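Structure record follows, encoded as C-alpha cells.
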Amino acid sequence: MSGVPPPAQPPDPPHHQLVHPLSLWRWRHNPLYRRTDRLQGRIALVMLLLVPILGLGATFAIGDAAHRHYRAAAEHQRQNLRLTTAVLTHDAPDHPEPGSAEARENRYPATVRYTDPAGRIRTAETDVLPGLRAGSSVDVWVDADGAIAEPPMPADKIRSRTMGWGLVAFLTVTLAGAAAYRGVAVVLRRRNLAQWDAKWAETAPRWTTSP
C-alpha cells in the first residue's frame, strides 16, 4: 500500500422522491431540502388544489356547450325529418332467444316499403325488431329527399354524450396539470443537480490530500 488516499469521489446526489402532499409541511423544518425543493412542494400543493377546481369548471363549461349543441342538433332533426309508416316486405330474422331482454334491445336489417314526402312508393332497408313478419308496420324517419334517416337524438343519448364530453374535459385538465408539474419537477431537478455539482467542485479539493 502506498498510503496515498484515493481521489475523492462525490457522494450520490440526493434522490428527491415525490412526497405525499399532506406531509409537505415537514419540508420547512428539514435542513437537507433546498429552496427549489420547497418551491416544488408548494407547486405540488397548488396543483393539487387547483387542478380539481379547473377540471370541474371545464367539465361544466364543456358539458353545457355540448348539451346545447346536441339539443340544437336534435331539434334540427325533428324539424327536418318526417315520421312515416313503412311495411315489411319480408320476414325479419328471428332472435335466438325470443322474449328475452336482449331480443327486445336488438334490431335486424329488413326491407320495408313506404311513401316518401313526394308521394312516391319506395323500398329501403331499416333496422327492426326481430321476429316481425312480412306486412308488419313500423315507424321510420325520412328526410326531405325521402331517404330513411336516423331518428332525432333522444334525451338519454344527449345526456350520455354530454357526460362523455364533460369527462373528456376533466381528464384533459388533469393530464395537462400532471404534465405541467412533471415539466417543472424535471427543470428543478436539473437545477438541483447543477448546484450539487458546483458545490462539490468547491468542496472536493479540501478532501484531497497531497502525497
Side-chain angles (χ1 to χ4, degrees), residues 18 20-21 47-183:
L18 291 177
H20 193 280
M47 296 294 286
L48 186 66
L49 299 174
L50 190 60
V51 166
I53 296 175
L54 294 178
L56 289 175
T59 298
F60 286 112
I62 299 300
D64 180 67
H67 186 259
R68 286 188 283 106
H69 168 75
Y70 288 122
R71 281 187 60 185
E75 182 61 28
H76 180 268
Q77 290 172 331
R78 281 190 290 268
Q79 292 177 359
N80 290 274
L81 298 180
R82 174 185 173 187
L83 185 64
T84 188
T85 301
V87 177
L88 270 71
T89 60
H90 301 285
D91 293 345
D94 290 322
H95 192 274
E97 300 177 4
S100 65
E102 184 180 357
R104 290 192 294 270
E105 295 292 335
N106 281 12
R107 299 291 186 272
Y108 291 101
T111 302
V112 297
R113 184 169 52 249
Y114 62 97
T115 303
D116 68 11
R120 296 170 297 186
I121 303 298
R122 302 181 60 166
T123 58
E125 268 197 357
T126 189
D127 293 336
V128 300
L129 288 169
L132 291 180
R133 300 307 174 195
S136 299
S137 297
V138 294
D139 291 331
V140 295
W141 291 89
V142 296
D143 59 22
D145 296 327
I148 292 180
E150 290 290 329
M153 198 178 306
D156 58 341
K157 193 171 185 179
I158 293 175
R159 183 167 53 252
S160 64
R161 291 192 176 185
T162 298
M163 294 175 63
W165 277 107
L167 180 60
V168 168
F170 184 84
L171 293 178
T172 299
V173 172
T174 302
L175 293 177
Y181 173 74
R182 178 62 179 172

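On a predicted model such as this, the values are computed, not experimentally measured, just so you know.
Taking a cutoff of 4.0 Å between a charged side-chain nitrogen and a carboxylate oxygen, Arg133 and Asp94 qualify as a salt bridge.
Rounding to the nearest 0.5 Å gives a distance of 6.5 Å between OG1 of Thr85 and CG of Leu83. Remark: Leu50 CG to Tyr181 OH distance equals 14.5 Å, nearest 0.5 Å. One distance of note links NE2 of His67 with NE2 of His69; it measures 12.0 Å at 0.5 Å rounding. Here the OG1 atom belonging to Thr111 is positioned 5.5 Å from the NE2 atom belonging to His90, to the nearest 0.5 angstrom. Met153 CE to His76 NE2: the interatomic distance, rounded to the nearest 0.5 Å, is 12.5 Å. Taking OH of Tyr114 as the reference point, atom CZ of Arg120 lies at 9.0 Å (rounded to 0.5 Å).
In terms of heavy atoms, Phe170 sits closest to Pro52 at CE1-O, 4.2 Å. Taking all atoms of both residues into account, the shortest heavy-atom contact from Pro117 to Asp143 is CG-O, 3.8 Å. Shown here for Val51 and Gly177, the closest heavy-atom pair between the two residues is CG2-CA, 4.0 Å. Taking every heavy atom of both residues into account, Pro109 and Pro93 meet most closely at O-CD, 4.2 Å. Summarising the geometry of Gly55 relative to Val173, their closest heavy-atom pair is N-CG1, 3.7 Å, with the distance given to 0.1 Å. Across all their heavy atoms, Thr162 and Ala66 have their closest contact at OG1-C, 4.2 Å.
In this structure, the side chains of Pro152 and Leu81 come closer than 4.5 Å at one or more pairs of heavy atoms. Within the 4.5 Å cutoff, side-chain heavy atoms of Thr126 are placed close to those of Ile148. For the pair Val87/Ser136, no side-chain contact is recorded, criterion being any heavy-atom separation below 4.5 Å from C-beta on. Counting only heavy atoms from C-beta outward, the side chains of Leu167 and Thr59 never approach each other to under 4.5 Å. In this structure the side chain of Glu125 never reaches within 4.5 angstrom of the side chain of Val112, judged on heavy atoms.
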| request: Go through Asp156 and Arg161 one step at a time and tell me if the salt bridge (Lys or Arg N to Asp or Glu O under 4.0 Å) criterion holds. | output: CA-CA 9 Å; Asp156 58 341; Arg161 291 192 176 185; over 6 Å; no

| request: Determine, step by step, whether Val140 and Thr84 satisfy the side-chain contact (heavy atoms from CB on, under 4.5 Å) criterion, reporting the C-alpha distance in whole Å, the side-chain angles of both residues, the deciding distance to 0.1 Å, and the verdict. | output: CA-CA 6 Å; Val140 295; Thr84 188; 3.6 Å; yes

| task | Run the numbers on Arg107 and Val128 for side-chain contact (heavy atoms from CB on, under 4.5 Å), then give the verdict. | result | CA-CA 5 Å; Arg107 299 291 186 272; Val128 300; 5.6 Å; no

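Residue-environment remark: CZ (Arg71) stays at or below the threshold of 12 foreign heavy atoms within 6.0 Å. Within a 6.0 Å radius of CH2 in Trp165, other residues, nucleotides and ligands contribute 12 heavy atoms or fewer.
Panel note: side chain Asp145, backbone Ala147; no donor-acceptor pair is recorded below 3.5 Å.
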